[in-house]
Amino acid sequence: ASRRFAAWAAEITLVVTSGLIPFGIGVYANSRSDLNRVPLNPVLVVTERAIARPLALPVSYGIRNVAWPTNILWTIALLAPVTLSWWQLYLLAKTGSTIPKRWLKVRVVNEQGKPPGLGAVVIREGVGRWTVPISIAYLLWRYSFAFPNLGLFTFLSLLMIVGEGIGLPSRRGRRALHDQLAGTYTIDALLSNKQAQSADGNDQAEEEREGEEFAAVETSQSPNLWRRIQQNPNLTLFGVGLTSMTAVLATLIGTQVYIQIQQSQRATEKINSDQFLELVKQLAPSSGATNEQRQSTILAIGGLNDPQSIKFLADLLVSETNPSLLDTIQQALTTVGPQAIPELKNKNQFLVSELESVGSTATKERELRQGRLQRNQRTINKILSVYSGKKIEGVDLSSTQLGQSGTSGSSFFNLVLDNLDLSGVKFKSANLNQASFKGSRFRGVGEDGRWDTYDDVMADLSQAQLQQANLTDANLSRVLMNRIDLSRATLNRANLSNARLYDAKLNSTQLVGADLRNAVLEKASLTGADLGDAKLNEANLYAARLGRATAIGTQLSFANLTNTDWQGADLSGAYLDRANLSNANLSATRLTGVVLRSAQMENVNLQNADLSLADLRGANVAGADFKGAILAPSKQDPADQFVQTPDLGSVSAVVQGVDFSQAKNLDAKQLAYICTQGGIHPRCP
């Protein structure tokens with residue numbers, strides 16, 4: 001039993017190792033800043049999502065770039081275990097042993113003592129050993145209180161696999177379930193060979209006879225499905241006939257129900273159409289209806305809630321000029337709810353194109369068309385305000401203009417959607433400039449009612465315009481915001497963890513206290529942004545532009561900051577421990593009190609940077625340019641100081657044990673300080 005378990009463990013180890021090695025090398029390659037980055041292989045994206053769905057894992061959507069060797073290595077990490085697994089199955093089918101089983105003298109045979117064949121091996125390994133135990137573990141985990149805790153699922157899976165492998169009592173001792181399903185036996189090849197060599201001819205004949213009898217008994221005791229069908233043809237025929245009759249009956253009933261539903265729908269549509277025509281007649285100028293009667297008629301049309309009535313109201317909202325009727329039309333469309341959004345969106349895009357056609361010169365015609373657009377925008381705003389959460393999930397407002405722009409600069413409309421659940425709304429490429437989303441949520445739990453699982457409902461804000469928008473305290477975690485424009489927006493204390501902000505514009509954006517942990521900000525522009533006290537732990541800011549940014553006290557531990565540009569930024573008191581700053585530009589930056597412990601700083605540009613009180617212990621500064629960098633400020637004349645400064649040693653960089661051998665442009669003063677403070681350099685005495 002111990003050799004059988006060792007053989008199985010060796011097989012699993014080989015498969016797992018074949019994937020882990022290229023995956024680990026790929027992770028290392030991805031951390032290198034000198035390698036070109038390309039989009040993640042679509043095969044890997046599809047695989048990631050296929051695995052994430054049953055395990056309730058959150059999935060990364062949108063653009064995801066990796067180093068080009070990483071793409072190849074991760075593809076190998078996917079294909080190698082699959083290839084090795086099938087090779088082992090093939091060997092097991094043809095020879096009865098995989099390579100580890102051969103090493104440990106273990107064989108798998110069928111009832112005749114021969115190699116089991118591919119079909120039996122697929123049932124043995126694919127169904128019995130893996131599918132059955134893992135399926136049981138999955139069901140127990142999925143409907144338990146601990147879902148989606150992956151640790152419990154892993155424990156249950158191992159427990160079920162081990163339990164299945166221990167086996168159940170059978171005629172020839174304990175046999176695992178996978179052996180019983182496939183009709184195979186796991187034998188000691190070494191013992192079998194010795195017995196075969198020591199037995200004489202008569203013993204061999206006797207053993208063969210006993211083996212044949214045993215095989216016959218086993219076959220008679222456990223006939224397979226095909227044998228049962230051959231032995232009971234009448235029962236089989238009855239089963240097939242019963243199944244066919246059930247299928248025909250179900251088809252007939254289903255067809256009749258479908259016909260009745262269609263007839264009912266057509267009758268309802270005809271009644272609504274007749275009512276709609278009668279109501280429209282009452283709104284005609286020649287009808288002589290009073291203002292109150294017209295208002296009642298408009299509300300009645302809204303109550304029909306069918307496509308023709310919604311389209312009529314959307315058109316009437318544009319053409320009507322009576323203020324009291326306009327309010328009633330908005331009320332009717334709000335009563336219709338999210339079903340009115342598609343028609344209002346189409347009308348919005350039409351009105352925007354009309355407004356652009358008259359140019360930017362202030363004219364009466366322009367004011368008229370601008371007023372129509374504002375009425376449309378206010379109606380959409382009202383519907384979104386009244387209905388939130390699941391009621392507006394999936395609402396598509398892509399490319400809709402709901403904010404200020406060059407074509408409507410004099411507009412007095414501002415979108416206000418504070419403290420609402422907007423998860424699932426599609427704002428892709430929408431104009432939401434100067435909108436207010438304070439405290440709103442753009443992400444919600446899915447059907448399972450749990451956060452951070454596959455079915456989480458996310459809004460889509462990719463390529464949207466949100467200049468000067470207010471998103472204070474908003475929840476944008478994991479939301480897709482690639483190429484979004486958030487210039488001069490306010491996102492103080494906003495939750496942007498794991499958000500996708502590839503190539504986003506965040507120039508002069510307020511991000512004080514924002515949570516950006518694990519966010520993707522690759523190639524994003526944060527010039528002049530305020531990141532004070534923000535959390536960017538493990539965030540990916542590859543090639544981001546952060547010139548003149550304020551990052552006082554910002555947490556950037558373990559962040560990917562390769563090829564970033566921080567020129568003129570203030571990083572006082574920031575935490576950059578174990579961050580990757582390879583090839584970053586930190587020239588003329590304020591790094592007073594910054595923590596750079598064990599940071600990767602190869603080829604970083606530190607020209608004229610102020611590193612007073614910075615902690616560089618364990619940092620890799622090979623190739624770093626220290627030209628003009630301040631490691632220890634010069635003493636000032638006490639007469640020139642209004643406030644007494646601390647001792648020089650208390651405001652000097654901590655460089656003990658740091659190897660400056662390959663650092664560039666160190667002057668005599670810097671070298672003297674490095675040598676006296678325990679730094680390493682060939683010129684130190």
Side-chain angles (χ1 to χ4, degrees), residues 62 314 317-318 330 333 338 340-360 362 366-385 392 394-418 420 422-438 440 442 458-472 474 476 479-491 494 499-510 524-525:
L317 184 66
V318 174
Q330 286 187 4
L333 286 167
I341 292 289
E343 191 59 45
L344 289 169
K345 173 189 172 184
N346 293 336
K347 192 63 65 178
N348 178 281
Q349 293 171 341
F350 171 75
L351 292 170
V352 169
S353 63
E354 266 198 337
L355 191 60
E356 290 174 347
S357 66
V358 298
S360 58
R366 177 175 177 78
E367 290 178 3
L368 177 64
R369 296 186 179 184
Q370 198 166 52
R372 294 172 178 172
L373 177 60
Q374 289 171 20
R375 292 198 293 271
N376 174 276
Q377 292 170 326
R378 280 196 291 267
T379 305
I380 294 173
N381 193 159
K382 194 170 184 179
I383 292 173
L384 293 175
S385 300
I392 58 172
V395 165
D396 189 355
L397 286 166
S398 302
S399 304
T400 307
Q401 183 161 306
L402 296 169
Q404 308 291 342
S405 69
T407 58
S408 59
S410 59
S411 171
F412 294 104
F413 171 76
N414 278 317
L415 184 68
V416 179
L417 295 168
D418 295 339
L420 294 176
L422 300 169
S423 53
V425 180
K426 298 177 182 177
F427 288 113
K428 185 176 182 180
S429 302
N431 183 335
L432 306 168
N433 291 335
Q434 300 182 35
S436 179
F437 296 102
K438 291 187 292 184
S440 289
F442 292 82
M458 313 286 185
D460 186 353
L461 287 162
S462 55
Q463 301 179 53
Q465 298 178 46
L466 281 149
Q467 296 178 25
Q468 300 182 58
N470 190 342
L471 290 138
T472 303
L476 292 151
V479 173
L480 187 63
M481 293 184 282
N482 292 329
R483 297 192 172 93
I484 192 174
D485 189 349
L486 284 160
S487 302
R488 302 186 304 284
T490 303
L491 289 116
R500 313 288 297 179
L501 287 151
Y502 174 85
D503 200 19
K505 293 180 181 177
L506 294 141
N507 302 315
S508 302
T509 301
Q510 296 293 312
S525 178

Pair Q401, N348 - check side-chain contact (heavy atoms from CB on, under 4.5 Å), show working. CA-CA 7 Å; Q401 183 161 306; N348 178 281; 3.9 Å; yes

Heavy-atom side-chain contact between V479 and D460 under 4.5 Å: no

Any chance you could measure E354, atom CD, to L368, atom CG, to the nearest 0.5 Å? 9.0 Å

The test is side-chain contact (heavy atoms from CB on, under 4.5 Å); show your working for L344 and I383 and say whether it passes. CA-CA 11 Å; L344 289 169; I383 292 173; 3.7 Å; yes

Shortest non-hydrogen contact from S399 to Q349? O-NE2, 3.5 Å

Taking atom types as modelled and ignoring hydrogens, do the side chains of R500 and S462 form a donor-acceptor contact shorter than 3.5 angstrom? no

Quick one: closest heavy-atom pair of P338 and I392, and the distance? CG-CG2, 3.9 Å

What is the minimum heavy-atom distance between S385 and L417, and which atoms define it? OG-CD2, 3.6 Å

Where do R372 and L351 come nearest, in terms of heavy atoms and distance? O-CD1, 3.8 Å

Counting N and O atoms only, with roles assigned by atom type, does the side chain of R483 sit under 3.5 Å from a partner on the main chain of Y502, one being a donor and the other an acceptor? no

Using the rule given for side-chain contact (heavy atoms from CB on, under 4.5 Å), can you reason through F437 versus L415, listing the C-alpha separation, both sets of side-chain angles and the distance that settles it, and then say yes or no? CA-CA 9 Å; F437 296 102; L415 184 68; 3.9 Å; yes

Is the shortest side-chain heavy-atom distance between L501 and N482 below 4.5 Å? no

Which atom of A499 lies closest to which atom of M481, heavy atoms considered: CB-CE, 3.6 Å

Working to the nearest 0.5 angstrom, can you tell me the gap between D418 CG and N470 CG? 7.0 Å

Residue pair L432 / L461, side-chain heavy-atom distance below 4.5 Å: yes

Pairing donors with acceptors under 3.5 angstrom, does anything connect the side chains of S525 and N507? yes

Measure the spacing between CD of Q434 and CG of L466 and express it to the nearest 0.5 Å. 11.0 Å

Side chain to side chain, S398 and S429, heavy atoms closer than 4.5 Å: no

4.5 Å side-chain heavy-atom contact, V425 and F442: no

Answer yes or no: are there more than 12 heavy-atom neighbours, outside K505 itself, under 6.0 Å from its atom NZ? no

Residue K345 excluded, over 12 heavy atoms near NZ under 6.0 Å: yes

Rounded distance (nearest 0.5 Å) linking atom CG of L480 with atom NZ of K428: 8.0 Å

Go through Q467 and N433 one step at a time and tell me if the side-chain hydrogen bond (donor to acceptor under 3.5 Å, both in side chains) criterion holds. CA-CA 5 Å; Q467 296 178 25; N433 291 335; 4.7 Å; no

Test item: L355 and Q370 side chains (from C-beta on) under 4.5 Å apart, heavy atoms: yes

Do any N or O atoms from the side chain of N414 and from the backbone of A435 form a donor-acceptor pair under 3.5 angstrom? no

If you measure from CD on E356 to CZ on R369, what distance do you get to the nearest 0.5 Å? 11.5 Å

Between T400 and N431, is the side-chain contact (heavy atoms from CB on, under 4.5 Å) condition met? List the steps. CA-CA 6 Å; T400 307; N431 183 335; over 6 Å; no

Can you name the closest pair of heavy atoms from T509 and S487 and give their distance? OG1-CA, 4.0 Å

Between NZ on residue K382 and CG on residue L384, distance to nearest 0.5 Å: 13.0 Å

Residues which pass salt bridge (charged side-chain N to carboxylate O under 4.0 Å, His left out) with R488, listed by chain and number, not counting sequence neighbours: none

Backbone N/O of V318 and side chain of R375: donor-acceptor pair under 3.5 Å: yes

Within the distance-only criterion (no hydrogens, no angle test), does the side chain of T472 pair as donor or acceptor with the backbone N or O of L491 below 3.5 angstrom? no

